[in-house]
Amino acid sequence: MAHVLVVEDDKTTAKSLTAFLRREGHEVTIAPDALTGVSLAVKHRPDVLLLDLVLPGGGGLSVMKRIDDLAVTTGTPIIVMTASPDPELEAEARTQGAAAFLHKPFRPEDLTAALAQALATPMSFG
């Protein structure tokens with residue numbers, strides 16, 4: 001069981017992800033915007049972040065940078081998800097160290113595989 005912080009502003013998507021992740025045995029915390037996402041990451045130190053790229057209060061890429069810049073959250077695996085067709089977003093997310101990238105809508109088995117991959121990757125500090 002992992003603690004997953006879901007940073008997602010769409011309430012329906014957040015509820016669906018929460019229900020699925022809990023059925024899979026994970027603990028879930030939800031953040032509806034970028035600022036809350038960073039704050040909850042510091043407070044809860046989740047095992048993995050599931051991060052939307054288009055968020056109120058700052059984009060997902062800025063959240064990734066903040067998470068990596070903070071000593072208590074550096075190296076936390078981040079799975080990025082977006083409905084945006086912009087290939088540059090995926091390239092930038094991967095450059096910033098995204099453990100996985102999911103295009104919405106994605107299949108549950110794709111999320112399960114991304115979580116397994118992210119949780120199996122050793123965290124890097126520094």
List in chain and number order the residues that pass side-chain hydrogen bond (donor to acceptor under 3.5 Å, both in side chains) with [X], two or more places apart in sequence or in another chain; answer none if no residue qualifies.
| X | answer |
| --- | --- |
| His44 | none |
| Arg22 | none |
| Glu88 | none |
| Asp69 | Lys65 |

(message) Does anything in residues 97-114 form a salt bridge (Lys or Arg N to Asp or Glu O under 4.0 Å)? List the pairs, not counting sequence neighbours.
(response) Glu8-Lys104, Asp52-Lys104, Arg107-Glu109, Arg107-Asp110

(message) Going by ring-ring contact (aromatic ring centres under 6.0 Å, His included), name the pairs with one or both residues in residues 60-88, residues two or more places apart or in two chains.
(response) none

(message) Enumerate the ring-ring contact (aromatic ring centres under 6.0 Å, His included) contacts for residues 71-92, please, sequence neighbours excluded, ordered by first and then second residue.
(response) none

(request) Kindly write out the residues that satisfy salt bridge (charged side-chain N to carboxylate O under 4.0 Å, His left out) with Glu92, not counting sequence neighbours, or none if the list is empty. (result) none

(message) Once salt bridge (charged side-chain N to carboxylate O under 4.0 Å, His left out) is applied, do any residues pair with Arg45, and if so which ones, sequence neighbours excluded?
(response) none

Considering only distance and modelled atom types, tabulate donor-acceptor pairs under 3.5 Å from the side chains of residues 11-21, sequence neighbours left out.
unit_1 : atom_1 : unit_2 : atom_2 : d
Thr13  : OG1    : Asp10  : OD2    : 2.7
Ser16  : OG     : Thr12  : O      : 3.1
Thr18  : OG1    : Ala14  : O      : 2.8

(message) According to side-chain contact (heavy atoms from CB on, under 4.5 Å), who are the partners of Ala93, at least two apart in sequence or on a separate chain?
(response) Leu61, Met64, Val80, Ala98, Phe101

Can you give each donor-acceptor pair under 3.5 Å made by side-chain atoms of residues 29-42, sequence neighbours left out, with the distance rounded to 0.1 Å?
unit_1 : atom_1 : unit_2 : atom_2 : d
Thr29  : OG1    : His3   : NE2    : 2.7
Asp33  : OD1    : Leu35  : N      : 3.2
Asp33  : OD1    : Thr36  : N      : 2.7
Asp33  : OD1    : Thr36  : OG1    : 2.9
Asp33  : OD2    : Thr36  : OG1    : 3.3

